[in-house]
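Notes follow the structure.
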Amino acid sequence: MKFIVSSSYLQKHLQMLGGVINSNNTLPILDNFLLELNGKELKVSASDMETTMLTALEVESEDDGSIAIPAKLLLDTLKTFPEQPLTFSADNGIMTVSHDKGSSEIACANGEEFPKAVSLTDPSSTSILGDTLATAINKTIFAAGNDDLRPVMSGVFFQFSTDSLTFVATDAHKLVRYRREDLAASETAEFIMPKKPLNLLKSMLQGSETEVLIEYNESNAQFTFDSTSIICRLIDGKYPNYEAVIPKENPNKLVIARNQFLNSVRRVSIFSNKTTHQIRLKMAGAELNISAEDIDYSNKADERLTCDYQGDDMQIGFNSRFLIEMLNNLNCDDVSLEMSMPNRAGILTPVDGLDEGEHVTMLVMPVMLNQ
């Protein structure tokens, strides 16, 4: 098989695919890209058995054939070329890459050994704008857990219905629900997406105006856009009933400038206990007092901010790292923190900066205050 392709065009596509390949594969064949040539179309795939990504490129060729080529070696080679046409010709398991200064030879494997991508049987489907999907992933993925013993919480829960699309992530300490009421699916469906394919989608779709077709069945999901497809195995299991943990009655409501709140929490948290990262919020009238203390080292800090607070005077403790992470993930000027009691979760929501039909609810569990 022989084809000619632009070096930068090929590198751009392979770099995307490179994100799928694990650094320590159990199957050596998975260290390769699969190249499948069919006339002027070159299909390139990468897989780690759980996630497979395919992309189609236009090349100059009249040949057919398939070959598995070492991914790292090919990518490292491509990075060294300025923009120019490269000629690839494969013969007897050797791929020769020719250019205007010379050529290199790469030992390849048989393309037949590469695992075949799963094809979804009888899938349901939904379409969503690329940038909207990237936003949904961005707003939720940071809250997903890393606990191997609770795999269902290590992904993002996709909940599609005929009146909205909802994305949820939680690690039992914090929870984020991102809902779009301006979008809907043709039928109700729920599935849990692993982090790896979501991170790939997020980096590729940020700012994209392309429609993404999402197809899914009981065990797999496929995302198709432009000339690229990502197919992944879903996380098996039932997602916890997250609605049940969102407190409904929250009479104490604090509204404050997000940046001011974030900077203050950041500064005060430096003085918190290095194990608990605990900070104390004390609300009374139009004043919020943020304090932290590390008794072991006699370090402490406290700051006073003006805010709009409606409710009873109260004190509540939070892990500052979770609060900082959540405030960082909001793009708004003001935030609202609603609370019922010091031992119930606080609900953080943006006051402004949302599109029509867009809703973000963040839940942060309190920590017990040492009196």
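Heads up: numbering here begins at 1 and tracks the sequence.
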Does E243 pair with R177 as a salt bridge, N-O distance under 4.0 Å?
-> yes

Hey, could you give me the NZ/SG distance between K196 and C232, rounded to the nearest 0.5 Å?
-> 11.0 Å

Between T52 and S47: side-chain donor-acceptor atoms closer than 3.5 Å = yes

Begin from the C-alpha positions of T77 and V97 and carry the test side-chain contact (heavy atoms from CB on, under 4.5 Å) through to its verdict.
-> CA-CA 10 Å; T77 309; V97 184; 5.5 Å; no

Transitive ILVMFWY side-chain link M16 to V212, under 4.5 Å | yes

Side-chain donor-acceptor pair under 3.5 Å between T228 and D226, yes or no?
-> no

Does one hydrophobic cluster hold both V20 and L10, with members joined at side-chain heavy-atom distances below 4.5 Å?
-> yes

Just checking, is any N or O donor in the side chain of T306 or E287 under 3.5 Å from an acceptor N or O on the other one?
-> no

Would you check, one step at a time, whether the test ring pair (Phe, Tyr, Trp, His ring centres under 6.0 Å) holds for F158 with F167?
-> CA-CA 5 Å; F158 282 42; F167 306 82; 4.8 Å; yes

In Å and rounded to the nearest 0.5 Å, what is the CG to CE distance from L323 to M362?
-> 10.5 Å

Flag, side chain of D64 to backbone of G39, donor-acceptor distance under 3.5 Å = yes

Can you find a side-chain donor-acceptor pair between E303 and S264 that sits under 3.5 Å?
-> yes

Begin with the C-alpha distance, continue with both residues' side-chain angles, and end with the deciding distance and a verdict on side-chain contact (heavy atoms from CB on, under 4.5 Å) for F225 and L213.
-> CA-CA 7 Å; F225 51 96; L213 174 66; over 6 Å; no

I69 with I94, same ILVMFWY side-chain cluster at under 4.5 Å | no

Give a yes-or-no answer on whether the side chains of Y242 and Q159 include a donor-acceptor pair shorter than 3.5 Å.
-> yes

Do F318 and H173 have side-chain heavy atoms sitting under 4.5 Å apart?
-> no

G130 to L205 - nearest heavy-atom pair and separation = O-CB, 3.5 Å

Y178 vs H359, ring pair (Phe, Tyr, Trp, His ring centres under 6.0 Å): CA-CA, chis, key distance, verdict = CA-CA 6 Å; Y178 179 81; H359 301 274; 9.3 Å; no

For the pair E60 and K40, find out whether any cationic side-chain nitrogen is under 4.0 Å from an anionic carboxylate oxygen.
-> no

Is the backbone of I29 close enough, under 3.5 Å, to the side chain of N32 for a donor and an acceptor to pair up by distance?
-> yes

May I ask you to decide if N220's main-chain N or O and N217's side chain share a donor-acceptor pair within less than 3.5 Å?
-> yes

Determine, for K174 against E325, whether the closest basic-nitrogen to carboxylate-oxygen distance falls under 4.0 angstrom.
-> yes

Flag side-chain contact, heavy atom, 4.5 Å: F3 against D63 = no

Among L327, N263, D333, N331, find the residue that satisfies the side chain to side chain contact (heavy atoms under 4.5 Å, CB included) test when tested with R258.
-> L327

Does a salt bridge link D91 with K2, judged by any charged N lying under 4.0 Å from a carboxylate O?
-> no

Any link between I235 and L201 through a network of hydrophobic side chains (Ile, Leu, Val, Met, Phe, Trp, Tyr) touching at under 4.5 Å?
-> no

Heavy-atom pair with the smallest gap, counting every atom of D352 and D334 | OD2-N, 3.1 Å

Distance only, no hydrogens: is a donor on one side chain within 3.5 Å (strictly under) of an acceptor on the other, for T126 and Y216?
-> yes

Are V176 and L330 connected, step by step, through hydrophobic side chains (Ile, Leu, Val, Met, Phe, Trp, Tyr) whose heavy atoms are closer than 4.5 Å?
-> yes

Give a yes or no answer on whether the side chain of N25 reaches the backbone of L27 with a donor-acceptor pair at less than 3.5 Å.
-> no

Closest heavy-atom pair, V364 versus M326, reported as atoms and distance to 0.1 Å, is CB-SD, 3.9 Å

L363/V245 under side-chain contact (heavy atoms from CB on, under 4.5 Å): CA gap, chis, key distance, verdict | CA-CA 9 Å; L363 196 90; V245 299; 4.0 Å; yes

So, does N273 use its side chain to make a donor-acceptor pair with the main chain of T276 at under 3.5 Å?
-> yes

S89 vs T96, side chain to side chain donor-acceptor pair (under 3.5 Å): CA-CA, chis, key distance, verdict = CA-CA 5 Å; S89 46; T96 306; 4.6 Å; no

Run the side chain to side chain donor-acceptor pair (under 3.5 Å) check on E338 and T349 step by step: do they pass?
-> CA-CA 8 Å; E338 294 179 41; T349 50; 4.5 Å; no

Please work out whether the ring planes of F191 and F160 are parallel, tilted or perpendicular, with thresholds of 30° and 60°.
-> perpendicular

